[in-house]
Amino acid sequence: MVDVSKWPLLSVLSAQEQAAVRQVYIFGTSANEAIYITHANEVFAFGLNCSGCLGTGDSVSTIVPKKLDFLQGKKVVSLSYGSGPHVLLATEDGQLFAWGHNVYSQLGNNTTSAGLSPALITNNLQSKKVTEVACGSHHSLALTQDGEVFAWGYNNCGQVGSGSTTNQPYPRKVTGCLQGKAAVGITCGQTSSLALIDNGEVYGWGYNGNGQLGIGNNGNQLCPCRLATLQGVCIQQVVAGYAHCLALTDEGLLYAWGANTYGQLGTRNKSNHLSPVQIMVDKERVVEVAACHSTHTSAAKTQSGKVFMWGQCRGQSMVLPHLTHFTATDDVFACFATPSVMWRLLSVEHDDFMTASEALRKEFDSPETSDLKFSVDGKCIHVHKAVLKIRCEHFRSMFRSQWSEGQQDVIEIGQFSYPVYRSFLQFLYTDTVELPPEDAIGLLDLATSYCENQLKRLCQQIIKRGITVDNAFTLLSAAIRYDAEDLEEFCFRFCVNHLTQVTQTTAFWQVDGGGKPKSWTDSRFC
């Protein structure tokens, strides 16, 4: 959970106002502006208001939050800011809004006039649904639902990707090497742009004086250029700092490249790298990386929840990832980045009182209040019949019909292991699952047997996060066995991306042809 008290700017909000916040974004050259969205989908802004970046209709600073009526009822899915600053916002229905600094047409409204209020941007986007936005210093990117990337604004270094250095006054589709490819992520450095493709490839364009494009040289690129060094790995997240980049693979490996003046690459020195280099090789699997175009700070979170930071941290240059006491990468930017901006739109959770869900979570496996026990592998799990009947059709049938188990105070379970069955019952109380990928396969079996589709989806997510070369084929076989089509496609793609290594594992040769997808039994793969 993120502790919003770490962001001093939010202290101006009353306790009642803070309780209403669902999402928040702190931005600006001095981290003196904030935009937040309430649970009622009302958008408020307050702060210094440089260049009208608050969208309040004027350029007057305000310490009192003002509602942006134009965005009333709009559910925000993506938000980003530039250095002017200018602001881009995408809504759940795919609309794109922009306001703030516009000297270089970075708002995309075909003018260079400042936008004091949110304006709907439609040029070349009329039939498109925007799902993500990203801002550089004075240029902008938008990603559409069908995987197209649009760019506009300042283009002195080719950061718009149009093949020239002429400024672009409205959204223009980025083509070149991206033509025919489906992007799934975008990010911006100060004057550079990056796109992540659905097959794990990364393309970059724009300024490259520090090697931030990762293409092996420091020449600017006017069109998208693939990061060839990353060939053979499948990237699932890429983020950009001021002039450096971090990329995370589907195996939890971390790569860094670009500027390193403050040690932001985490390579033990301050030398720039023109191509990606692997870092944190002695650490456990990384599950999230963080950087922001206005800072030289880097952060990462590992599978066990450990958070590391490096680069410029409160004026110090940290050349190696440093283990913190934080539980979220967001906390690194609140406490150590300069300026203390947010690297992403932050979702806020509150702990002021115990909700119904929290009370249920607390009572799971509680002998004091339970009225039923399950015995699995000689261990007891204490539950409540009412909760089971409300949450699960299997148990509704058991207790309403004349099942022998429905009349017992202790029900013996022999089909599933204790960790698996306990996780299943805990899911009925919490909607969450905490299991390693190997045990999640057993839980997937249970979810299939009990027709628990939501649990089945959660198991698939756990398995996806834990996939490795060694277990990929075992997980693929399980996905086929339990008819988990989405998981099967994911595991199959992973196996194809790491074909040589997977086909050399013991698991691949131990599974007979009946457990393999048809394409794997083809002689071309064996």
Side-chain angles (χ1 to χ4, degrees), residues 22-25 27-28 33-38 40-47 49-60 65-155 160-162 167-174 183 186 188 193 344-345:
R22 180 169 57 86
Q23 297 166 295
V24 62
Y25 201 59
F27 63 101
E33 280 97 8
I35 293 173
Y36 67 90
I37 302 100
T38 69
N41 288 322
E42 295 177 322
V43 182
F44 291 85
F46 66 95
N49 205 14
C50 293
S51 303
C53 66
L54 295 183
T56 54
D58 55 43
S59 55
V60 179
K66 291 186 177 181
K67 185 190 294 187
L68 306 187
D69 290 322
F70 195 75
L71 297 174
Q72 173 74 27
K74 300 287 186 182
K75 189 170 183 180
V76 180
V77 295
S78 185
L79 187 62
S80 188
Y81 73 96
S83 297
H86 72 288
V87 178
L88 298 181
L89 180 151
T91 64
E92 188 178 46
D93 57 5
Q95 291 183 313
L96 171 66
F97 294 88
W99 63 93
H101 193 259
N102 196 34
V103 170
Y104 302 100
S105 298
Q106 57 265 49
L107 298 187
N109 59 5
N110 208 20
T111 76
T112 55
S113 303
L116 299 180
S117 299
L120 181 63
I121 307 302
T122 58
N123 283 346
N124 285 339
L125 298 172
Q126 292 92 338
S127 59
K128 306 294 182 181
K129 183 175 182 179
V130 175
T131 57
E132 185 180 354
V133 291
C135 297
S137 176
H138 299 292
H139 76 287
S140 305
L141 297 182
L143 175 66
T144 67
Q145 188 177 44
D146 52 8
E148 295 177 325
V149 178
F150 287 80
W152 62 96
Y154 199 29
N155 195 32
V160 169
S162 60
N167 292 350
Q168 176 63 36
Y170 51 83
R172 175 191 179 278
K173 183 180 175 181
V174 182
I186 51 175
C188 293
S193 306
R344 61 179 170 185
L345 179 63

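Heads up: numbering here begins at 1 and tracks the sequence. Being a predicted model, the structure only gives us computed values, none of them experimental.
Closest non-hydrogen pair, Ala98 versus Leu88, comes out as CB-CD2, 3.5 Å. Of all non-hydrogen atoms in Ser193 and His139, the two that sit nearest each other are OG-NE2, 2.9 Å. When all heavy atoms are compared, the tightest approach of Cys135 to Gly82 is CB-N, 3.7 Å. Nearest heavy atoms, Ile35 versus Ala45: CG1-CB, 4.0 Å. Taking both residues in full, the closest heavy atoms of Gly161 and Asn155 are given as N-OD1, 4.1 Å, listed atom of the first, atom of the second, then distance. Taking both residues in full, the closest heavy atoms of Arg172 and Ser162 are given as NH1-CA, 3.5 Å, listed atom of the first, atom of the second, then distance.
Rounded to the nearest 0.5 angstrom, Phe97 CZ and Ser117 OG are separated by 12.0 Å. Considering CG of Leu89 and CH2 of Trp99, their distance stands at 4.5 Å, rounded to 0.5 Å. Within the model, atoms CZ of Phe46 and CG of Leu54 stand 9.0 Å from one another, a figure rounded to the nearest 0.5 Å. The OG atom of Ser140 lies 7.0 Å from the CG atom of Leu107; values are rounded to the nearest 0.5 Å. Taking OH of Tyr104 as the start and NE2 of His86 as the end, the distance is 12.5 Å to the nearest 0.5 Å. Distance check, rounded to the nearest 0.5 Å: CD of Gln106 to OG1 of Thr112 gives 9.5 Å.
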Legend entry - Working for side chain to side chain contact (heavy atoms under 4.5 Å, CB included), residues Val133 and Leu79: CA-CA 6 Å; Val133 291; Leu79 187 62; 5.6 Å; no
Inset, instruction - Mind running side chain to side chain contact (heavy atoms under 4.5 Å, CB included) on Ile37 and Leu345 for me, showing each step along the way? - result: CA-CA 10 Å; Ile37 302 100; Leu345 179 63; 4.3 Å; yes
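Using a distance-only test at 3.5 Å, with no hydrogens or angles considered, a donor-acceptor pair links the side chain of Ser105 to the main chain of Thr111. No side-chain donor-acceptor contact under 3.5 Å links Ser78 to the backbone of Thr131. No donor-acceptor pair under 3.5 Å is formed between the side chain of Asn167 and the backbone N or O of Tyr154. Of the possible donor and acceptor atoms, one in the side chain of Asn124 sits under 3.5 Å from a partner among the backbone N and O of Pro171. In this structure, the side chain of Ser51 does not engage the main chain of Cys53 through any donor-acceptor pair within 3.5 Å. A donor-acceptor pair under 3.5 Å links the side-chain atoms of Asn49 to the main chain of Asp58, judged by distance alone.
The only member of Leu125, Val160, Val174 that meets side-chain contact (heavy atoms from CB on, under 4.5 Å) when paired with Phe150 is Leu125. Considering Tyr25, Phe44, Phe27 in turn, Phe44 is the only one that fulfils the ring-ring contact (aromatic ring centres under 6.0 Å, His included) rule with Tyr36. Partner of Asn41 under the side-chain contact (heavy atoms from CB on, under 4.5 Å) criterion, chosen from Gln23, Glu92, Arg22: Arg22.
The closest side-chain donor-acceptor pair between Asn110 and Asn123, if any, does not fall under 3.5 angstrom.
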Show me the donor-acceptor pairs, under 3.5 Å and distance only, between side chains in residues 65-74 and residues at least two apart or in other chains.
unit_1 : atom_1 : unit_2 : atom_2 : d
Lys67  : NZ     : Glu42  : OE2    : 3.1
Lys74  : NZ     : Gln95  : OE1    : 2.6

